[in-house]
Visitor: 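Have a look at this one.
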Amino acid sequence: MSASLHMLLAALLKVGGIALVFNEVRGLVLAAPVLYGMWTSGGSIMAIWLGICALGGIALSVIVPIFAYKKLDKFVKAKAPA
């Protein structure tokens, strides 16, 4: 039972790794309009603040899954039979 659970978690981590790559691409696609909007607004303080908030949210949506993946991978490797 433990071996099948390990194989299932390993497969889920591989699928999660692929999803992580797509999440990175999504972050870049979402950041482009924010940067363009900041540039076309002339760099007003409000545009810069909104841009920083938007880019911060995008960064969190990309960085948090990376940390979760690393922690789950470490957990799976610790529980793997020798």
Side-chain angles (χ1 to χ4, degrees):
M1 180 67 181
S2 178
S4 63
L5 181 62
H6 172 66
M7 289 176 53
L8 176 66
L9 286 176
L12 284 175
L13 279 176
K14 288 178 185 175
V15 171
I18 293 169
L20 190 66
V21 169
F22 285 125
N23 191 29
E24 295 286 339
V25 171
R26 182 190 63 88
L28 291 175
V29 169
L30 289 175
V34 173
L35 295 173
Y36 180 74
M38 285 173 45
W39 180 67
T40 58
S41 72
S44 68
I45 299 297
M46 187 60 154
I48 291 172
W49 175 249
L50 289 173
I52 289 171
C53 291
L55 291 174
I58 293 168
L60 281 176
S61 74
V62 171
I63 293 170
V64 169
I66 291 173
F67 286 121
Y69 173 78
K70 286 181 182 180
K71 286 199 174 263
L72 190 58
D73 188 39
K74 190 183 293 185
F75 175 75
V76 168
K77 287 181 180 176
K79 293 290 182 177

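It should be emphasised that the depicted structure is a prediction, and the values quoted were computed from it without experimental measurement. Start at 1 with the first residue, then count along the sequence.
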Visitor: Would a 4.5 Å heavy-atom cut-off, applied to side chains only, mark L50 and V34 as touching?
Guide: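 No, too far: nothing below the 4.5 Å cut-off.
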Visitor: Which value, rounded to the nearest 0.5 Å, describes the distance between L8 atom CG and L12 atom CG?
Guide: 4.5 Å
Visitor: In sequence, state the C-alpha distance, the side-chain angles, and the governing distance for L35 and L55, and then conclude on side-chain contact (heavy atoms from CB on, under 4.5 Å).
Guide: CA-CA 9 Å; L35 295 173; L55 291 174; 3.7 Å; yes
